[in-house]
Amino acid sequence: MGEALVALVGMTGGPDDPDEHLADKHYLLCELGEHSDDTEHAAHLWTAETEPPRNLWFLWTESGPHRIHHRFATLTMCPAILRNMEEGFKKWCGLFEGHPHVHSFHVTDPLREALAERARSEAQRLISEEDAAEGDEGEP
């Protein structure tokens with residue numbers, strides 16, 4: 001966490017409160033999708049509002065069961081755009097320029113989808129509990 005804080009503080013256009021920005025990042029997931037073991041994993045940490053926009057990435061590789069080599073890199077965004085003319089939308093690749101393998105709009109991440117589904121279910125449960133509690137208050 002200390003190295004990430006130093007990287008964010010030293011970044012032109014970094015967050016106003018780097019401590020707060022990192023507070024909810026207890027773990028990072030690789031955003032590249034499926035790739036070979038010799039490819040660096042990559043997690044996006046911050047996008048600076050500079051021209052051109054620069055992004056802070058955490059990159060890491062594993063060598064053996066207990067050795068992880070990591071680095072922070074400020075990279076430009078991938079210029080690839082997915083255009084759907086029929087539906088009239090554009091989707092930009094969310095990865096860095098020169099990234100390996102497919103663009104982010106082609107990546108499916110079962111773990112991220114499972115976490116999102118869990119968050120939706122939990123939110124729905126909390127809303128249902130609140131609705132039930134409000135209904136109980138109106139009864140004699």
Side-chain angles (χ1 to χ4, degrees):
M1 173 103 140
E3 288 179 77
L5 185 59
V6 169
L8 283 170
V9 167
M11 180 182 187
T12 301
D16 292 334
D17 190 351
D19 283 323
E20 184 178 318
H21 177 69
L22 293 173
D24 65 342
K25 294 194 178 349
H26 302 290
Y27 58 89
L28 297 171
L29 300 174
C30 180
E31 298 179 33
L32 297 178
E34 191 173 335
H35 55 78
S36 63
D37 290 340
D38 59 342
T39 301
E40 280 185 304
H41 299 288
H44 179 256
L45 293 179
W46 181 258
T47 298
E49 294 183 18
T50 58
E51 194 53 49
R54 304 288 287 175
N55 298 277
L56 182 63
W57 288 83
F58 178 68
L59 305 160
W60 73 98
T61 56
E62 300 173 34
S63 61
H66 303 291
R67 296 203 59 169
I68 297 176
H69 304 279
H70 68 278
R71 64 188 178 102
F72 293 90
T74 305
L75 306 167
T76 57
M77 290 301 288
C78 176
I81 300 173
L82 176 66
R83 298 176 197 271
N84 185 318
M85 298 303 200
E86 290 179 13
E87 295 182 25
F89 75 84
K90 297 180 202 175
K91 191 171 188 177
W92 284 261
C93 179
L95 301 173
F96 51 91
E97 188 169 15
H99 63 83
H101 308 292
V102 299
H103 296 292
S104 66
F105 36 77
H106 297 300
V107 172
T108 57
D109 184 346
L111 177 57
R112 183 167 284 146
E113 291 170 10
L115 290 171
E117 180 56 36
R118 182 176 176 187
R120 281 190 292 274
S121 296
E122 182 65 12
Q124 187 60 42
R125 184 187 66 78
L126 292 171
I127 291 168
S128 296
E129 286 178 4
E130 287 177 12
D131 289 348
E134 288 175 8
D136 291 344
E137 290 175 4
E139 294 179 12

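Count residues from 1 along the sequence. Any value given below was found using the heavy atoms of this structure, including those in side chains, with hydrogens, waters and symmetry copies removed.
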Measuring from atom [atom1] of [X] to atom [atom2] of [Y], what distance do you get when rounded to the nearest 0.5 angstrom?
X: Asn55; Y: Thr74; atom1: CG; atom2: OG1; result: 8.5 Å
X: Lys90; Y: Ile81; atom1: NZ; atom2: CD1; result: 6.0 Å
X: Glu40; Y: Glu62; atom1: CD; atom2: CD; result: 12.0 Å
X: Thr61; Y: His69; atom1: OG1; atom2: NE2; result: 5.5 Å
X: Leu59; Y: Thr39; atom1: CG; atom2: OG1; result: 11.5 Å
X: Arg120; Y: Gln124; atom1: CZ; atom2: CD; result: 11.5 Å

Looking only at side chains, do Glu3 and His70 share a donor and an acceptor under 3.5 Å apart?
->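 Yes, a side-chain donor-acceptor pair sits under 3.5 Å.
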
Considering non-hydrogen atoms only, spot the tightest contact between [X] and [Y] and give its length.
X: Trp57; Y: Leu75; result: CD1-CD1, 3.9 Å
X: Ser36; Y: His101; result: N-NE2, 4.2 Å
X: Gly13; Y: Trp46; result: O-NE1, 3.0 Å
X: Leu45; Y: Phe58; result: CD1-CB, 4.0 Å
X: Glu31; Y: Leu95; result: O-CD2, 3.8 Å

Are [X] and [Y] packed together at the side-chain level, in the sense that at least one heavy-atom pair is separated by less than 4.5 angstrom?
X: Trp92; Y: Ser104; answer: no
X: His103; Y: Leu82; answer: no
X: Val107; Y: Leu32; answer: no
X: His41; Y: His35; answer: yes

Taking the six-membered ring for Trp, are Phe96 and His99 parallel (under 30°), tilted (30 to 60°) or perpendicular (over 60°)?
-> perpendicular

Glu49, CD atom: more than 12 neighbouring heavy atoms under 6.0 Å =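 Atom CD in Glu49 is not packed in, count stays at 12 or less.
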
Would Glu129 and Arg125 satisfy salt bridge (charged side-chain N to carboxylate O under 4.0 Å, His left out), going step by step from the backbone distance to the final call?
-> CA-CA 6 Å; Glu129 286 178 4; Arg125 184 187 66 78; 2.3 Å; yes

